[in-house]
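Every chain is numbered from 1, with letters handed out A, B, ... down the list of sequences.
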Amino acid sequence: MIDELSKQYHPKETEDKWYKFWEENNLFSAKANPKKKPFCIVIPPPNVTGILHMGHALNNTIQDILIRYQRLKGRESLWMPGIDHAGIATQNVVEKQLAKEGLKRQDLGREKFIERVWQWKEQYGSTIIKQLKKLGASCDWPRARFTMDEEYSQAVKEVFVALWGKGLIYQDNKVINWCPRCQTALSDEEAPHRELQGNLYYIKYPLKESPSHQVTKSPVEYIIVATTRPETMLGDTAVAVNPKDKRYKHIVGKTLILPLVNREIKIIADSLVDTKFGTGAVKVTPSHDPNDYLLGKKHKLEFVNVMHPDGRMNENAGDYSGLDRFEAREVILEDLKEKNLLEKTEAHQLSAGHCYRCHTIIEPYLSRQWFVKMAPLAKPAIAAVKTGKIKFYPKRWTKVYLNWMENIQDWCISRQIWWGHRIPLWHCQDCQKTAASVDDLKECPVCKSSHLKQDQDVLDTWFSSWLWPFATFGWPFVGEPVSQLASEPVNRLKTLTGKPANRQTGELKYFYPTSVLVTAPEIIFFWVARMIMAGEEFMRDIPFRDVYIHGTVRDIEGKKMSKSLGNIIDPLDIISEYGADALRFSLISITAQGQDVFLSEDRFQQGRNFANKIWNAARFILMNLDKAEVQAGLESFKGQDLGIVNRWILSRFYSVLKETDKMLGAYRFNEAANALYGFFWHEFCDWYLELAKPILVNREQSAGRRNTQIVAYKVLEKFLRVIHPFMPFITEEIWQKLQFTTSQSHRVTSIMTQAWPSAQEEMMDKAAEAKLNLIFQVITTIRNMRQELELAPEKDIEAVIAASGKAHRDFIDSLSLDIKRLAGLSAMRIEEKYQHPRSSITSIIKDVHISILLEGAVDLEKEKIKIGERIEKIELEISAKQRTLANKGFLQKAPAEVIAKEKERVVELTATLKRLKEIRDELH
RNA sequence: GGGCAUUUAGCUCAGUUGGUUAGAGCGCUACACUCACAUUGUAGAGGUCAGAGGUUCAAGUCCUCUAAUGCCCACCA
């Protein structure tokens, strides 16, 4: 075990090696185990088209930390992995591939096209999994599910049929979000609104009753409407005004001639119209605007669709037929201008829906789609959060969730694409009835006709994702009891019988509800909310107890990282340059709970440097470890008098351990990471190892050396376990080197299977901490004085330390060798009483005087100024404190310990002040 | 229009329930390559905690208002 370690840590050489080792030894696998408490996270399944970006890196690092932490803590920890089939995104990718061959999906036909997608999936679909492995993700990979797996698809069908049976699925003609590029309907969540700089066009619609249809200057001859989408005027079937609007009262019910189309349309009155917007008169296009659709229904207007699904104008657009919607806009504006019908154009900021897959501007479009009635599903999901069964971290997302749920809209679930779960509905060509079925229907259940056609549409991808926390465990298949499960992982198919909650596999029963869901804020509506609804509906239980929402990864200017902006920092580049541990640690240490992360590449140096620090500390300890001595000593370790330095570092370790536990339990990952960083670097390395150095390097056997070896070994070994969730690779590498196992023993052992150190209160020694802190301050002060006095490093300096109290002096004396060495003193004397040594400079730490003896003359003026400044500062503080202590309110209301502390501080400051004044007075 | 977040050192950010002297990393200054580590060590400089008002014995922390920035939501023709 005294193998020579290299001077620098090289992550590349170790990371792949240990990942392979963990996988080969099934160290990520978890099974239903009644003897242990479960801990389970289901991964937010990345898209099959996905490529690891920083958002994934952060998301999955957090999950891996939780999983590894709980695994060490003895929970049966399962991280359920998988991939989402990502209907539209994947179809787009494959269509692009086809386009390169000059083909369209229609050229292949539905079946061939789907085959082609599967081929694509086989070839490229596991990219992101390989990348997650690089990151160190300890998922139980053999369990990985794909949302298009046969079993999973069955779950999707069951759910659809169950909702159908409850009457929660209906078909309707509505104005929905239509993406003209993807040529499919989208849900509201899939069409986020973005601000757009556009124009508001004021168009004159002539009254039919005017003398001629020519527009004259008289305002009664026409009505002016304002619109941002003039091309939709071709589909106008009314103009609406507010019934209270005096400007228009007299012409309500009159007929207008729709320009360019020459259709007669009525002026209607409806309170929905805002009198303050535009001219107070609004054109009504029931087929191309959700509001106008409502008006159209209410006032029984004609519905005129003027667009093809691809966004080109259709035959109803007359002369404009065939033009793209935005081309048509320009031409129409030209024509209106020519006819003197365009009153004016105003710049206007508007927001429009954009396709979340291809960013094309959404067209509100009338079409027949399938919807899920959401209100009944939302009810228990609202209750689950309101009653605290599910908790959001940070808490503020609760409100966002509830606000959305309480105003929930019906969910448009049909998509006009091919890649996805085809809607399990069969339409009878004879009796025109529709039936839902989990199995392929051969005959109509109503009229027994065999002329059945399955619905052409597929389901929204999220209609399968929302089942993730239970469908991944085999729901709705019947499984065996927990005890038999391990040996017989066979799932048998059963048809839905209407009692879904009872049909559980043992695994499902064991791991569901899962423990925590880790995701980004933009996914709350898409996924989190819907999973809660699905869990309540189909499992009669919540899907997870906690929801941890982390921030968005942005670049250093606060912009979202995206390919199009070219500001991407590729996690894989970081891994190959700095290592996965460095990536993980750096990401986590800058991620405050729920705050966005502003990232620049130099951040990762910190993680790399830290890994290197751990490496070198371990290297030093290993180089100076006597194996036999440590091995023997580990057994007879308890009850030894370890000495104050060892007691101190153990005390510090257990304090930091306690802190880490607390912070991880509260999802405050950065605080845990930073506490561990500070402890290891500044306490363990900077102080402890420096103090231990001569003892360890000196090969002579002694009780002190043995104790120091054991403590250094133990603290390092335990620290590795505690930091392992953050930095899994380097900790395994070093931990393996710390093992005493001989080559004969083939038992597989890993840091992953060790126990998380338990907090040991009796090891916490506040007195030892305070005593050593004083020594550290003395050393720091001497170093400081040396630099202030500009004494060359090689110059011998002598110090006199005065401290009252024999025990106190003896304690300082016991560490005098360390003080001399670390402060760079050639000699040190300890005295009972401070007696201004000739030609010296003195500093004060509490009641300890530290004087440095100088050969030449002391620069009195400089020293006087310095001491004067310090005296001034202390006097200010004392007077502030005395004012507080004179305050009756403070004495009455402040807690006793706060008052005591203040008093103590004043006493201490007063004493220091007195000593400083003495020193100043001696400077003559 | 509604909601949320942010504003603390030159930069990027921590700071849990209000309680001594407000912290870290990077950067900066000075010094040091003495055998764990220059991906290092030692020491240091640097902050009226966005502004105003309030509650309190006590405010970076709680309340109100203001300003700036960012995000989300909404039937913004």
Between B:C31 (P) and A:K795 (NZ): distance, integer Å
18 Å
Across all strands shown, which nucleotide pairs with B:G1 by Watson-Crick or G-U wobble geometry, both distances under 3.5 Å?
B:C73
Which nucleotide, B:C76, B:A5, B:G19, lies nearest any side-chain atom of A:R396?
B:A5
Taking a pair to mean Watson-Crick or G-U wobble geometry with both distances below 3.5 Å, B:A24 pairs with B:U12
Against the side chain of A:V273, the closest entry in B:A77, B:A14, B:U12 is B:A77
A:W411 ring center within less than 6.0 Å of A:F371 ring center
no
Using the side-chain heavy atoms of A:D602, tell me which of these nucleotides is nearest: B:C76, B:A36, B:C26.
B:C26
Report the nucleotide, chosen from B:A43, B:A14, B:U40, that has the shortest atom-to-atom distance to any side-chain atom of A:N609.
B:U40
Kindly say whether, by distance alone, the side chain of A:R786 makes a donor-acceptor pair under 3.5 Å with the base of B:U42?
no
Taking the ring centre of each residue, are A:F680 and A:Y688 less than 6.0 Å apart?
no
According to the Watson-Crick and G-U wobble definitions, with both distances under 3.5 Å, which nucleotide is paired to B:U40?
B:A32
A:S589 vs A:L909, nearer the 5' end of RNA chain B by closest nucleotide
A:S589
Mind checking whether A:Y9 and A:W615 have ring centres under 6.0 Å apart?
yes
Indicate, with a heavy-atom threshold strictly under 4.0 Å, whether A:T228 touches base, sugar-phosphate, or nothing.
sugar-phosphate
Taking CG from A:D274 and C1' from B:G1, how many angstroms apart are they, rounded to a whole number?
11 Å
Taking only N and O in the side chain of A:K881, is any of them less than 4.0 Å away from OP1 or OP2 of B:U21?
yes
Report yes if the distance between the aromatic ring centroids of A:H10 and A:Y578 is under 6.0 Å, otherwise no.
no
Evaluate whether the aromatic ring of A:F890 and the six-membered ring of the B:A58 base sit under 5.5 Å apart, centre to centre, with an inclination under 30°.
no
For A:H682, report the nucleic acid contact type (base, sugar-phosphate, nothing); a contact means any heavy atom under 4.0 Å.
sugar-phosphate
Check: A:F684 ring centre within less than 6.0 Å of A:F719 ring centre:
no
Options B:G19, B:A43, B:U12, nucleotide nearest the side-chain atoms of A:N784:
B:A43
Closest to side chain of A:M663, choosing from B:U16, B:A36, B:C76
B:U16
